[in-house]
2 protein chains.
Amino acid sequence: MSEEAPNLLLSERIRIALADEITTGQLAPGSALDEQQIGDRFGASRTPVREAIRQLSAVGLVEMRPRRGAVVSGVSTQRIIDMFEMSAEIEAMCVRLATYRMNPVERSRLAQLHEDSEAMVAAGDIDAYDRMNWDFHQTIYEGTHNAFIAEQALGLRDRMAAFRRTQLRGGGRPAKSRAEHGELLAAIMRGDGEEAARCMRSHMFNASLALERFTAGR
Amino acid sequence: MSEEAPNLLLSERIRIALADEITTGQLAPGSALDEQQIGDRFGASRTPVREAIRQLSAVGLVEMRPRRGAVVSGVSTQRIIDMFEMSAEIEAMCVRLATYRMNPVERSRLAQLHEDSEAMVAAGDIDAYDRMNWDFHQTIYEGTHNAFIAEQALGLRDRMAAFRRTQLRGGGRPAKSRAEHGELLAAIMRGDGEEAARCMRSHMFNASLALERFTAGR
DNA sequence: TGCGGTTCTAGTGTATGCAAGAAGTGGGAA
DNA sequence: TTCCCACTTCTTGCATACACTAGAACCGCA
């Protein structure tokens, strides 16, 4: 996990490390990012740290206020809701396009992923299911045959990783999630893009509901 | 146009200026961005220039290759097509949501904009129509009542400004554009979100066709 | 004791210097 | 003549130093 990768630019390594800490929640929203301190932690000067922070702010993971430093984006509840809706709409858009455009190889890959997931649900292997889920959605992105859309969808998904990571922990959620994937897949195989989009919207809606319920005790 | 704005951060001013030059085409795609040279041009050192370039790369206006400098994003034809499709889908998504969520005030503002545009088309005032067009679409973004979606849509529109700016110059395009707005508006007023989305897709498709035709002589 | 202004300080914004890597250049060998 | 390799130069990546500003702490005054 913590490989050296000395070939990468120092600023890039810092950016990746920080992004990771933010999305995993190690760096809580609202935390101030002290350039000097971070630099010390990575054995680097402030310059590469600044560049990393600039990048993160562009992705929306941190917020910068001139001369007042950067803080980890403390997204409001409303904003999280907004982001979830956007995410659901984008996913729906992707699956609609993908339904019309995926070739047989891509379709079968999607079906295979769904097939494989049955064992994971049965075994209760949430991590494996999570990885499969990621692949499942990514396969759909690529199925749009539109590199730009795929990038954007993936980017948004990354940004939401911080909120999504716990959503599968809810009781029985993996089984329900798999069932929803099943319906989705059926619509895709039938070539009904609009229906697939509807399935995806409700799939994402259910996922967000599960998350909401899980984090209700904050 | 070239106001001082000394209150802004130097790096911000450079970023804005460069973004402007890129989107207006002054800096052609593929141009290399020499940090020293740009710094001299703005009377600044390389540091703020670097920060500006980092920001631009995050927005996608320039591409950075480690130790090889940054060049203005020479987007391939395929990528432009991909971006147009994404743009069309996002706009369609927005108008569908907006149809269900806009309040009477927002609806009437949209109608008013459409009303006003008649005179612009008649007078052949393309710049005024362009501004109205911008407002028209932005009103729809805001009509989604989802700040995140509105931001993203606006951001994408900004990124595409470089390609869009000439599209209205095609013969008779403003009149056709206005007619399409009319149909769109009717669907919105009727409360038919799906139909509004379809109208928007075809509107965007026509706009891209017009652009393609216009730039065919390259 | 409360309030306004002043000073202090921590931390960002910018400049500059140095080192390392990548493209271009020239010469030598096949 | 062409290909390969060392060398040069140019540009970026990083470190360090200085400047400036926003808050905090402080102090004097009412």
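The figures that follow rest on heavy atoms only: side chains count, while hydrogens, waters and symmetry mates do not.
- Axis deviation across the helix from C:dT1-D:dA30 to C:dA30-D:dT1 amounts to 0°, comparing end segments of five pairs, rounded to 10 degrees.
- For the residue pair A:Glu142/A:Gln138, the side-chain donor-acceptor check at 3.5 Å is satisfied.
- Listed for the A:Ser57 side chain is no donor-acceptor partner under 3.5 Å among the backbone atoms of A:Glu63.
- Of the two residues near DNA chain D, B:Pro66 and A:Pro66, the one whose nearest nucleotide lies more 5' is B:Pro66.
- Side-chain N or O atoms of A:Thr99 include one that pairs as donor or acceptor with a backbone N or O of A:Val95 at under 3.5 Å.
- Although no hydrogens or angles enter the test, the distance criterion places a donor-acceptor pair under 3.5 Å between the side chain of B:Asn146 and the main chain of A:Asp82.
- With rounding to the nearest 0.5 angstrom, the CD1 atom of B:Ile149 is 8.0 Å from the CD1 atom of B:Ile90.
- Remark: the backbone N or O of B:Leu97 is not paired with any side-chain donor or acceptor of B:Thr144 at under 3.5 angstrom.
- For the residue pair B:Gln152/B:Tyr141, the side-chain donor-acceptor check at 3.5 Å is not satisfied.
- Nucleotides of DNA chain C lying under 4.0 Å from heavy atoms of chain B occupy a range whose first and last members, 5' to 3', are C:dG13 to C:dA23.
- Salt bridge present: B:Arg96 and A:Glu89 bring a charged side-chain N and a carboxylate O closer than 4.0 Å.
- In this view, A:His137 and A:His181, A:His203 satisfy the ring-ring contact (aromatic ring centres under 6.0 Å, His included) rule, not counting sequence neighbours.
- Residues that satisfy the side chain to side chain donor-acceptor pair (under 3.5 Å) test with A:Gln112, not counting sequence neighbours, are A:Asp116.
- A heavy atom lying under 4.0 Å from DNA chain C marks the following residues of residues 36-59 of chain A, by number: A:Arg46, A:Arg50.
- Remark: A:Arg157 engages A:Glu91 in a salt bridge, criterion side-chain N to carboxylate O under 4.0 Å.
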Tabulate atom names and distances for all N/O pairs under 3.5 angstrom spanning the protein and nucleotides 8-11 of chain D.
unit_1	atom_1	unit_2	atom_2	d
D:dT11	OP1	B:Asp34	OD2	3.3
D:dT11	O5'	B:Asp34	OD2	3.4

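- Remark: side-chain polar atoms of B:Arg50 are not paired, donor with acceptor, to backbone N or O of B:Glu35 under 3.5 angstrom.
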